[in-house]
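Each remark here refers to the structure printed beneath this line.
Chain letters run A, B, ... following the sequence lines, proteins first, then strands; residues in each count from 1. Atoms considered below: every heavy atom in the structure, side chains included; atoms not considered: hydrogens, waters and symmetry mates. Worth saying up front: this structure is predicted, and the values here are computed from it rather than measured.
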Amino acid sequence: MGFSVSASTAIVFAGLFLAFGIFYPAAVNGYERVTEAQAVSTDAALNEKNSDIAIDSGNTNVAGNTLTVTVDNTGSTTLYVDEVDLLVEGEYIQRSSFDNIAVDGDDTTNLWTPGDPLVIEYTDNTISTGNQITVATDHGIKETEVL
Amino acid sequence: MASVSVSHLIIFIASLVVAAGVAGTLTTGVERVSSSIEDGSIDTSQQVRTDVEIVSDPGANTYTDGDQLSVYVRNTGSQNIPIEPGSVDVIFNGQFVQNSNIAIEDANNPSNTVWRRGDVVNVTVLSPTIDGSGSGDNRLFLTVNGDEEEFEFNA
């Protein structure tokens, strides 16, 4: 009688150990996965607060059929040239159809550092004065200006 | 005397069977819960990582009755999203828009099938009923993986 109690207790305890062994990694992995996602999200929120752009209306105009847009990076984070979007009258302009896009005169860089002006040139014969343009960049930060 | 040993043996085997049953049920239950926790954490982390922003210009005079309604949506999160109508839920002026009435494609590279961070997609509501009479105020509500965005414009 005594031995059967010990044996069954041993089996139940082995089961408990096994159950804990299954549960623990699942709980830790799940917790880490969610914590990491929250950390990435918090970082992105911080970067969003630190990022800002402003359209330089003095240097934004239409000459002939060419639109020149000058946007300043007025935040404190580096933005990316290949992630800048332009909308003219609500229509999205494909990034590949810009004539030129340059940061402070340099059209080879992809980094739009704080304080630098970004100049986008785009030619389209439907653009005219009075059109409304929107420039959007990382984090969905956008600025709108009437030409 | 022999009958005592036999009955002890039977009780011993029975106790082992009961103990094994308890342990088996316990581990099966815990395994099921652990698997749910894994799945739940994957869903939660994807929802936390998903962030989109509508970059369309609500002030542009391009939204008129009878036209298709296009909004440009940028992925600003760290979660890749498949480019297919089932990835977005659209409610326009209080009416749910069926997946068959939604067209979605990458605005820069239409052949792209994955919506990555920094990419902009064009979500088009086919044959919407844009309210151009009365106040002309329209409202589009877009949900992507639990992230909700609102776009209001005057037609």
Side-chain angles (χ1 to χ4, degrees), chain A residues 1 3-5 7-27 29-38 40-41 43-45 48 80 82-83 85 87-97 131-142 144 146, chain B residues 8-9 11-20 22-31 33-42 44-63 70 72-74 76-79 107-109 117-120 122 149 153:
Chain A
M1 191 66 183
F3 183 67
S4 53
V5 171
S8 16
T9 312
I11 290 176
V12 171
F13 268 94
L16 280 175
F17 273 118
L18 196 63
F20 182 74
I22 295 168
F23 181 76
Y24 184 75
N29 285 345
Y31 176 75
E32 276 181 0
R33 198 172 286 142
V34 175
T35 315
E36 198 185 316
Q38 279 170 339
V40 170
S41 171
D43 275 351
E48 184 180 344
Y80 299 98
D82 64 357
E83 289 189 356
D85 300 308
L87 287 91
V88 178
E89 282 293 283
E91 287 299 320
Y92 187 83
I93 310 297
Q94 284 200 352
R95 293 165 186 164
S96 55
S97 57
N131 282 173
Q132 188 156 305
I133 58 160
T134 299
V135 176
T137 184
D138 209 6
H139 311 297
I141 294 167
K142 58 178 186 169
T144 298
V146 177
Chain B
H8 272 194
L9 186 65
I11 290 171
F12 175 65
I13 292 170
S15 65
L16 287 192
V17 168
V18 170
V22 169
T25 313
L26 185 80
T27 44
T28 313
V30 169
E31 202 179 323
V33 172
S34 304
S35 154
S36 309
I37 288 176
E38 286 267 358
D39 290 350
S41 70
I42 290 172
T44 310
S45 68
Q46 285 183 350
Q47 282 177 6
V48 171
R49 284 175 184 274
T50 304
D51 189 20
V52 298
E53 292 292 333
I54 295 176
V55 295
S56 288
D57 178 8
N61 301 318
T62 50
Y63 309 106
S70 277
Y72 297 99
V73 191
R74 185 182 176 111
T76 55
S78 56
Q79 178 67 35
N108 287 293
N109 178 11
R117 181 189 172 86
D119 288 352
V120 176
N122 179 1
E149 294 296 323
F153 61 93

Open item on the list: For a quick check under 3.5 Å, do B/S41 and A/R33 share a side-chain donor-acceptor pair by atom type?
Closed with: yes
Open item on the list: Between A/L16 and chain B, with a heavy-atom cut-off of 4.5 Å, which part of the residue counts as in contact: side chain, backbone, both or neither?
Closed with: both
TODO: Below 4.5 Å from any heavy atom of chain B, which atoms of A/V34 appear? Answer side chain, backbone, both or neither.
DONE: both
So which residue, [options], ends up with the most heavy-atom pairs under 4.5 Å with chain A?
| options | answer |
| --- | --- |
| B/S45, B/S78, B/S56 | B/S45 |
| B/N122, B/V22, B/V120 | B/V120 |
| B/D51, B/T28, B/L26 | B/L26 |
| B/V18, B/T44, B/I42 | B/I42 |

Could you tell me which of [options] has the largest number of non-hydrogen atom pairs under 4.5 Å with chain B?
| options | answer |
| --- | --- |
| A/A14, A/S96, A/G15 | A/G15 |
| A/I133, A/V40, A/N131 | A/V40 |
| A/D85, A/T144, A/I141, A/V88 | A/D85 |
| A/H139, A/E89, A/R95 | A/R95 |
| A/A19, A/G90, A/A10, A/A136 | A/A19 |

Which atom names give the shortest non-hydrogen contact between [X] and [Y], and what distance separates them?
| X | Y | value |
| --- | --- | --- |
| B/T76 | A/G140 | CG2-N, 3.4 Å |
| A/A7 | B/L16 | CB-CD2, 3.5 Å |
| A/T134 | B/V55 | CG2-O, 4.2 Å |

Would you call [X] and [Y] a side-chain contact if the rule is heavy atoms closer than 4.5 Å?
| X | Y | answer |
| --- | --- | --- |
| A/D138 | B/R74 | yes |
| A/Q38 | B/R49 | no |
| B/N108 | A/Y92 | yes |
| B/E53 | A/K142 | no |

- [ ] Answer with side chain, backbone, both or neither: which region of B/I13 has an atom nearer than 4.5 Å to a non-hydrogen atom of chain A?
- [x] neither
TODO: Measure the spacing between OG of B/S34 and CZ of A/F20 and express it to the nearest 0.5 Å.
DONE: 11.0 Å
TODO: Give the C-alpha distance, both sets of side-chain angles, the deciding distance and a yes or no for side chain to side chain contact (heavy atoms under 4.5 Å, CB included) between A/Y31 and B/I37.
DONE: CA-CA 9 Å; A/Y31 176 75; B/I37 288 176; over 6 Å; no
Open item on the list: If you apply the rule salt bridge (charged side-chain N to carboxylate O under 4.0 Å, His left out), what do you find for B/R117 with A/E83, and how did you get there?
Closed with: CA-CA 9 Å; B/R117 181 189 172 86; A/E83 289 189 356; 5.3 Å; no
- [ ] Answer yes or no: are there more than 12 heavy-atom neighbours, outside B/F12 itself, under 6.0 Å from its atom CZ?
- [x] yes
